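Here the structure is a predicted model, which is why all the values come from computation and not from measurement. Whatever order the structure lists ligands and atoms in, that order sets their numbers, starting from 1.
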Amino acid sequence: MSLQRGRAFADDTETLIDRSIFSDPTLYKQELGRVFARSWLFLAHESQFTKPGDFFTTYMGADPVIVSRQRDGSYRVLLNSCRHRGMRVCRYDSGNAKAFTCPYHGWSYGTDGSLTAVPDEEAAYGQALDHAGWGLAAVPRVESYKGLIFGTWDTDIPPLTDYLGDFTYFLDALLDADDQGVTSATGVHRWRMRGNWKLAAEQFAGDMYHAASTHLSALIAESPHTRGMRLPASGFQVSLRGGHGLGGFGPYPYWKLQGFTAEVEDWMGSFFERAAQRLGGARTTDSVLVHGTCFPNLSMLWNRWTMRVWHPKGPDGMEVYSWSLLPKSAPPAVRQALRFDYQRHFSASGTWEQDDSEQWNYSTNSNDGFVAARLPLHYGMGADRGPNKDFPEFPGTVDTIYSEMNQRDFYRRWSELMAVPHPAESPASPATAAPLSDNAAKAVIA
Ligand code: FES
Ligand SMILES: [Fe+2]
């Protein structure tokens, strides 16, 4: 099996996946430009910032960036790499700064990225260093959706709300369920693990099928009397334009099965009643939204109140940044209950998180074998089924729980992007970055 240029699929029906997309180092390098540099990428939640100078460091693809709050309340997103030798100018996770001073030779940048001071400049450079031309590279487009800050290096793709498209219908059930919205719990969990980032993103996009097997031991530990579970008969997978996908179940009061106190259960019940009045019942009380991925690498669990980004770290590694989001209107007891519930299941120490990460680790490792790499993977579940009519108000294409439609559509979107070389790729070696053209550099270095 050899990957046909720019396609994840190994067959014409697009139900088989070529395993090299999970391990090939050349494809990985191409992916950074063709997928990540051409998509809107989630950066941070606005509640992480309160005053000018507040910053948060993260990644866009493999590029480290600083999200920096400005005096006027806007955000600048700066490449966290000094223009002198490339050193990371800010090595903190978050904080407040008046300037970002590079630890290597001491070049100093304002919170807007401009080069403001150079040690011993007269002796070192005389008048020869043009400060205006040597600020930190700035992400040219930064936009927010209901508290979520995104950035893109691409000056040509549609605005963020168009990019999100109908995914906002479901995002609103998390971000805008009542008039106060959500806030991020203090601190962002970060951890590294083995595994190709796409395995995590595609699982969150559309894989309900794994739960009964992958999470069996955690399920038994939590509910010894049930000895695990079968998936409820009623549920859905939804595929949306742009490679976004999500899934969930028919209605049931999930918060009554999580060991919460009566106080917390009552509050959750009334929260969803209020949400139904605001947003209608389809995405609040008449269904339980569970898992989803906003293409390419932002995923979330509605019922565990978490969002996470799968940052690529080479073809066989990723770094996870995970947020616990909480309803602002919730009293302290509810916030604590939701935060602990997230932490027990889906933080670095979460039981379910560890279950999943083992699968991604060993899948990636096996996919790289000489023989294994030549055998395609089966992504055909539900390819011969019609739409699921049980959830008529949902936008997009709706299928049952037992469907890999979302994964197939995720890889269709990935293939569309991978089929077109990034202008900054060197023609001689697609994996090698060529210097940016003058125009591209102007767009990137604001
Ligand atoms: S690498 Fe930053 S000042 Fe030299
Ligand atoms: Fe899982």
Proximal ligand 1 atoms for [X], defined as those under 4.0 Å from one of its heavy atoms:
{"X": "Y104", "result": "1 (S), 4 (Fe)"}
{"X": "C102", "result": "1 (S), 2 (Fe), 3 (S)"}
{"X": "W107", "result": "3 (S)"}
{"X": "G106", "result": "3 (S)"}

Could you tell me whether a side-chain N or O of [X] sits under 3.5 Å from a main-chain N or O of [Y], the two making a donor and an acceptor?
{"X": "N388", "Y": "F236", "answer": "no"}
{"X": "R283", "Y": "L289", "answer": "no"}
{"X": "D341", "Y": "A337", "answer": "no"}

N, O or S of D207 under 2.8 Å from the Fe ion (ligand 2):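 Checking D207: none of its N, O or S atoms is under 2.8 Å.
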
2.8 Å cut-off met by an N, O or S atom of H210 to the Fe ion (ligand 2):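 Yes, within the cut-off.
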
Closest H84 atom to atom 4 (Fe) of ligand 1 [N, O or S only]: ND1

Atom nearest to atom 4 (Fe) of ligand 1 - H105, N, O or S atoms considered: ND1

Any donor-acceptor N or O pair under 3.5 Å, side chains Y145, D172: yes

Donor-acceptor pair between S349 and H189 side chains, under 3.5 angstrom: no

Test ring-ring contact (aromatic ring centres under 6.0 Å, His included) applied to W255 and F272, W302, F260, W305, the passing residue: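 Only one option passes, and that is F272.
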
